[in-house]
Amino acid sequence: MPAELIDGKAMAAAVRDEVAAEVADLVAHGVIPGLTVVLVGDDAASATYVGAKEKASRAAGMAGETIRLPGSTTQADLLAVVEGLNADPAVHGILVQMPLPKQIDPDTVIRHIRPDKDVDGFHPVNVGKLLIGHTDGFVSCTPAGVIELLLRSGVETRGAEVVVVGRSNIVGKPMAALLMQARVGGDATVTVCHSRTRNLVAHTRRADILIAAIGQAEMITGDMIKPGAVVIDVGMNTKPDPTTAKGTRLCGDVHFASAVDVASKITPVPGGVGPMTIALLLRNTVRAARRTLEAAR
């Protein structure tokens, strides 16, 4: 039997509905959650993604704004924008879209965002809280979205063998930390694989839950997957495809056609992890706004 599809679009819509209800409650108490995204340069993929974030935040009743800066923007100028947003009480969440132009150091920018407004969960303070198991920080939206997909799909993670392919600061590392936490959506035994891992197949084939986040198109094939495993594909890649109008198509890090007949559950690309990532960004922003209201009481 083909694997059951984990419908990220439908699950993300449910999260957005929950967020909209929370926004309505906050608005009734005089607080409009505000998310500001800063986009530097004219990268087409980044612009599309930022547009989706702004649209989703406005649909939830939030104040969604995008600040667009030219690709020639200096690091000092960008930091000045960030500091202005840090000081603005109407802005509860700040997101600086990556990648940034080469003249700007992303780590420096991330460190300048106030941790309590870092709804992307990249600031060292929030990363540190995640690693030591504190729950009052913000968790990177894609790993948090994966946990949400697993929970809403009824996948048991406690005691499960989980293999994460990819060790990035954005997905792989926080994903492993979340899965190990002794709380809902965690308590798993986690192995992190990467480009230097020897005999990758030996690791992936023992995974009850396989999470692919390595950034290589269709690298994980069906013969690398344990029969009955749950497969979460975080990848978003573009491949040539002359049969499409654009001449390209989107695909994940998993070769879907061969994996779907081996896995028990699998996320599609697109329509899997991506929509949930945006939904969790909105949830984080609402959490930040809620804290503002509580602090004022």
Side-chain angles (χ1 to χ4, degrees), residues 16 18-43 46-101 103-130 136-141 144 170 277-297:
R16 290 200 305 272
E18 295 163 7
V19 167
E22 290 191 59
V23 170
D25 179 65
L26 285 167
V27 171
H29 288 86
V31 177
I32 302 174
L35 171 65
T36 297
V37 180
V38 183
L39 176 64
V40 185
D42 54 4
D43 180 80
S46 292
T48 299
Y49 196 43
V50 165
K53 292 173 182 175
E54 183 175 10
K55 182 179 178 181
S57 62
R58 291 187 181 278
M62 299 165 57
E65 180 189 8
T66 300
I67 297 175
R68 291 174 169 82
L69 301 174
S72 59
T73 299
T74 66
Q75 180 165 294
D77 287 342
L78 176 56
L79 293 180
V81 170
V82 170
E83 292 297 348
L85 296 173
N86 282 339
D88 188 343
V91 176
H92 303 100
I94 302 169
L95 187 154
V96 177
Q97 183 65 35
M98 304 294 168
L100 291 167
Q103 74 271 16
I104 301 175
D105 175 44
D107 289 337
T108 299
V109 175
I110 289 168
R111 287 172 181 270
H112 273 74
I113 298 172
R114 271 175 44 177
D116 60 336
K117 293 190 177 189
D118 168 43
V119 289
D120 232 359
F122 293 158
H123 192 284
V125 168
N126 286 320
V127 174
K129 287 182 175 183
L130 168 62
D136 61 333
F138 291 113
V139 177
S140 181
C141 299
I170 296 173
T277 295
I278 295 177
L280 267 290
L281 175 66
L282 303 184
R283 179 189 281 177
N284 279 352
T285 304
V286 168
R287 282 184 61 207
R290 177 74 65 183
R291 290 175 186 173
T292 299
L293 177 61
E294 292 170 354
R297 288 175 174 171

Can you tell if the side chain of [X] reaches within under 4.5 Å of the side chain of [Y], non-hydrogen atoms only?
| X | Y | answer |
| --- | --- | --- |
| Leu85 | Lys117 | no |
| Pro101 | Ile104 | yes |
| Ile113 | Phe122 | no |
| Val27 | Met62 | no |

Near Arg287 CZ, under 6.0 Å, is it more than 12 heavy atoms from other residues, nucleotides or ligands? yes
Gap between atom [atom2] of [Y] and atom [atom1] of [X] - 0.5 Å precision:
| X | Y | atom1 | atom2 | result |
| --- | --- | --- | --- | --- |
| Arg291 | Asp116 | CZ | CG | 7.5 Å |
| Leu100 | Thr73 | CG | OG1 | 10.0 Å |
| Arg111 | Asp105 | CZ | CG | 9.0 Å |

Quick one: do Arg290 and Glu294 make a salt bridge, cutoff under 4.0 Å?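 So Arg290 does not pair with Glu294 through a salt bridge.
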Asp42 bridged to Arg68 by N-O distance under 4.0 Å: no
Show your reasoning for whether side-chain contact (heavy atoms from CB on, under 4.5 Å) applies to Glu18 and Arg283. CA-CA 9 Å; Glu18 295 163 7; Arg283 179 189 281 177; 3.7 Å; yes
Among Lys53, Glu54, Gln97, side-chain hydrogen bond (donor to acceptor under 3.5 Å, both in side chains) partner for Thr66: Glu54
Check each of Ile94, Thr285, Leu280, Asn126 against Val119 using the side-chain contact (heavy atoms from CB on, under 4.5 Å) test, and report the only one that passes. Thr285
